[in-house]
Amino acid sequence: MPHHLIAQPQEPAPLLLSPEQQDALTHCLARFGQEPGGLLPLLHSLQNALGFIPRAAVPAIAEALNLSRAEVHGVVSYYPHLREQPLGRTLIQICRAEACKSRGGDALFAHAQAALGCQAHGTSADGSVTLEPVYCLGLCAQSPALMVDESKVHAQMTADRLDSLLKGIQQKRLETKADEAQEAIENEAVAATRIYVPRDATALAVGADAVAQALQRECAARGLAVELVRNGSRGLLWLETLVEVETAQGRVAYGPVQAADVAGLLDAGMLQGRPHALCHGLTEQIPYLARQERLTFARVGLIDPLSLQDYEAHGGWQGLKAAAAMAPEAVVQQVLDSGLRGRGGAAFPAGIKWKTVAAAKGTQKYIACNADEGDSGTFADRLLMEGDPFCLIEGMAIAGLAVGATQGYIYVRSEYPHAIVTLNEAIARATAAGWLGRNVAGSGKAFALQVRVGAGSYVCGEETAMLESIEGRRGIVRAKPPLPAIEGLFGKPTVINNVITLATVPIIMARGAAFYQGYGMGRSRGTLPFQLAGNIARGGLVEKAFGLSLRELVEDFGGGTATGRPVKAIQVGGPLGSYVAPGDWDDPLDYEAYAAKGNVVGHGGLVVHDDSADMAQLARYAMEFCAIESCGKCTPCRIGSTRGVEVIDRITTNTGAAHAANVALLESLCDTMEGGSLCAMGGMTPYPVRSALRHYPQDFGIDSAQTVTPV
C-alpha cells in the first residue's frame, strides 16, 4: 500500500487554558514562581481560584519553576486534596477516622452515599455535591464530623442533620462560609459587660457563630451594652458552645449554648452571672478544668487569640525577651535542663536537637514546626494554633535565636482552615510589632515565619516527608542518615519540633528549667495535653503532669462512654498506637513505662470504644489506613498493609486449620512490617493490629484455648 494511504498516528490536540484559567495561572506564577519550594503553595492558590488544577497548566508551571512536567504532575497526583477535575458545586468531606468510627461515622458515610446516589469521590447526578472521605478533621471529641467546601465544619452529625444539610445545599440555601460569617463583631471599648464566645473550630462546628450573632442581635434590641470577645476554646468540648460572662467574681460559664437559648439566658440574668439550667458557675471552678495543670495551655480560652495586648497581659513574650538577652548556648541549655521531650510522638529530647543544629556549620538554618496533626483522637495542636497562636510564634522565635536560624515554616494540614487563617494573621501582627522580622525583640537578630499548607497526606507528619512537602515535592520519606539536624530543609541544618513542643518553650524560658522539671515523673518531665475523644461522655483536652492513669482520664475526667455502655478498648497514640490492655489502664502514663509494654504515649490522644466495638474490624482498618496513606517508598509498608487487609478478612471468614494458619501469617506479616519499614507508618501499623489480636482474641474468632503471640 502506498505510504500516503497508510493511517498515520494522530497527535493529540493540545490542551488549552481558558482566558480565566490563564489569568489565574499568571497571577499564581507571579506570586509563587520564585519562592523556594513554591510548587505546593502555587498549586493550592490555583486550585482555590479555579476549583481544580487544569492539566493544561502543568507545562507552564514546569517551565516557570524549572521542573519537569512529570515532577509537577507527580505532586498534583500524589496529594489527595489536589484535584485535576472540577468538583460538584459543593464539596462534603466526612471523617472516616477511628474517633468518628466510634460514634457511627461509617454509618453516616453510608447514609450520605445513599442520599446522594454516589460513591466516595463521586458527585451526585444533579452536580450539586461531591462526596469525599477525610482522615481526620481534628473534631475527634465531637464526632462524627464533616466539612463543607474545605471551610465550614460540622460536628455531632446524625443522619437527620446530614439530610437537612444536603437539602439546604441542593436548594442553594447553604450557610455563608465560615470566613465570611466571621464579621467584625468586636465592639469599641465601652463600659459594657464582656462576653466570650469561642471562635475555635470545635465551637464553630456546633454553631458558635450563630450564638455570637444572636447575642449581639438580642442585646442590641434590649439596649444592653456588651463587648463580645471571640476567644479560643477552653477544651471542655462537650460544653461547646461555651459562653462566658465576665463578672466581679470571675468568668461564669454557660453551655452548651445554642442560638435559640440566648433570649432565655438573658431573661434569667446571664449578664449578671445568675443561675440557669445551662450555668456551670465560675469557669475556673469547673472540676474538669480546676484539676488540670495548665502550663502550655495557660492562655487558651482566656484571651482573644489575635490580641497582642491580651497576649502580653497574660505573660506573653517574657520567654522571648529572656532569650534575646541571653547567649544562644544558654538558651539551648535551659531547654536541655528542662527535660522537655518532643510532644509529637517520638519523645526525643528537644534540647539535643537544638544543640545539634546550633553546632552544625552553615550560614542558613531553619526551624520547621510540624503541625500536620493527622492522628485520630488528637486536636491539641489545632486548639493551640487557633486559641493562642502567638505562643507558638514565640517558641519558634526563641528556637531561631538559640540555633542561629533566620527562617521558620509552620507546616499545617489542609484540614485545618481556621488554624491557617489565624496563624497567618498572627504572624502578620507579630511581625508588625517587632516580635518577628529583622530585629526580633530588640535582639539584633532576624527571624521570619511562613505557613505552608499540606494537602491531605498523613505520612507528611513524618519529619522527612514533611520536609519534602515544604520543598514542593511529593511527601516521600527520606532515608536517614543524614539527620535533618545536619541536612534538613533545602539541605540545611533544621530543627524540627511539633506545635506543643515549641509552644512549651516560652514558659520554660520565662519561669526557668527547674520550674518545668517540677512536673512529671522519671524521664517524662512537665505536662502533656491529653485529648479525650471517640465514644466518651466528656471529650476534650486535659493538660496534666505525666503520671496519671488512663482510667483517671477516661472515667474521672471523661465520665465513661457517651453511650453509657462499658468501655471496651482505649487506643493511645493515634492510628499507629496500640490498644492498651484493660489490665494496664491503672498504670501511670509515662514514656518509658508505656514503651516497656509495647505501647506509645504519642501525642497524648485517646480514642475510646464501648463494648459494641469489633476489634477485628478496627485492626483491619489500621491496615487499610496504612495502605491508603503509605507514601509507597518501601515494600513492607506499601504491600504489607494491603496483604494485612486480606489476611484479616480471611481470619474473620475462615475456621479450623485455615483460621489458625492465617493468624500465624498475620503475626509474621506484622514482624516484617515492624522490622523492615522505612518509617513509623509501616513500622507501627502492627501496634494496633497486634494489641487488638492479643487483648481481644474473641473478636478474631480465637477461643481461650488458643494462644496469641505477645506484642
Side-chain angles (χ1 to χ4, degrees), residues 235 291-300 315 318-320 322-323 326 329-358 369-370 378 380-381 383-384 388 391-392 394-396 398-399 402-403 485 495-531 541-550 552-553 557 572-573 577 580 586-597 599-606:
R291 291 182 56 199
Q292 297 188 36
E293 289 133 0
R294 290 211 162 182
L295 303 182
T296 308
F297 280 75
R299 282 176 294 268
V300 176
Q318 290 182 11
L320 181 55
M326 297 168 65
E329 56 270 21
V331 178
V332 173
Q333 193 61 48
Q334 280 282 85
V335 176
L336 274 167
D337 292 345
S338 73
L340 176 65
R341 295 166 70 173
R343 298 300 192 238
F348 189 81
I352 292 178
K353 281 189 179 182
W354 290 28
K355 188 173 183 179
T356 304
V357 175
C369 174
N370 189 339
T378 62
D381 291 0
L383 280 174
L384 190 131
D388 193 10
C391 185
L392 173 59
E394 182 178 3
M396 293 188 71
I398 292 170
V403 306
V495 168
I496 304 175
N497 288 131
N498 93 316
V499 171
I500 303 304
T501 311
L502 289 161
T504 299
V505 169
I507 195 168
I508 292 171
M509 296 305 302
R511 303 289 296 272
F515 167 80
Y516 196 73
Q517 272 273 5
Y519 294 84
M521 61 180 291
R523 291 180 53 218
S524 301
R525 309 312 308 175
T527 61
L528 185 68
F530 297 97
Q531 298 124 88
L541 181 135
V542 176
E543 186 176 359
K544 288 284 289 182
F546 289 94
L548 80 169
S549 70
L550 276 186
E552 289 177 82
L553 283 167
F557 282 96
V572 182
V580 177
D586 292 306
D587 291 355
L589 279 151
D590 162 82
Y591 288 126
E592 277 65 42
Y594 262 52
K597 293 190 176 182
N599 300 319
V600 291
V601 175
H603 193 43
L606 319 180

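Smallest separation of non-hydrogen atoms from Val495 and Val357: CG2-CG2, 3.6 Å. Residues Arg341 and Arg523 come closest through the heavy atom pair NH1-O, 3.1 Å. Taking every heavy atom of both residues into account, Gly547 and Pro588 meet most closely at O-CB, 3.3 Å. Of all the heavy atoms in Glu394 and Leu320, the pair that sits closest is OE2-N, 2.9 Å. Between Cys369 and Leu502, the shortest heavy-atom contact is CB-CD1, 3.7 Å. Closest non-hydrogen pair, Glu293 versus Ala545, comes out as OE1-N, 2.8 Å.
Within the 3.5 Å criterion, the main-chain N or O of Leu541 finds a donor-acceptor partner in the side chain of Gln292. In this structure, the side chain of Gln517 engages the main chain of Asp337 through a donor-acceptor pair within 3.5 Å. Remark: side-chain polar atoms of Lys353 are paired, donor with acceptor, to backbone N or O of Ile496 under 3.5 angstrom. Here the side chain of Gln334 pairs no donor or acceptor atom with the backbone of Ala323 at under 3.5 angstrom.
Of the inter-residue distances, the one linking Thr378 atom OG1 with Leu606 atom CG reads 10.5 Å to the nearest 0.5 angstrom.
Remark: Arg343 does not engage Glu543 in a salt bridge, criterion side-chain N to carboxylate O under 4.0 Å.
In this structure, Thr296 and Pro529 have side chains that are not in contact, with every pair of non-hydrogen atoms separated by 4.5 Å or more. Side chains of Val600 and Val572 form no contact here, defined as non-hydrogen atoms less than 4.5 Å apart. For the pair Ile508 and Leu340, the minimum side-chain heavy-atom distance is below 4.5 Å. Annotation: side chain of Tyr594 is in contact with side chain of Val580 (closest heavy-atom distance under 4.5 Å). Contact check for Leu295 versus Thr504: no side-chain heavy atoms found under the 4.5 Å cut-off.
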Check your understanding: Which is it for Leu589 and Lys544 under the side chain to side chain contact (heavy atoms under 4.5 Å, CB included) test, yes or no, and what are the steps along the way?
Key -> CA-CA 10 Å; Leu589 279 151; Lys544 288 284 289 182; over 6 Å; no
Check your understanding: How far apart are the C-alpha atoms of Asn497 and Trp354, what are their side-chain angles, what is the distance that settles it, and do they pass the side chain to side chain contact (heavy atoms under 4.5 Å, CB included) test?
Key -> CA-CA 10 Å; Asn497 288 131; Trp354 290 28; 3.0 Å; yes
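Between Tyr591 and Phe546, the ring-plane angle classifies as tilted under the 30° and 60° cut-offs.
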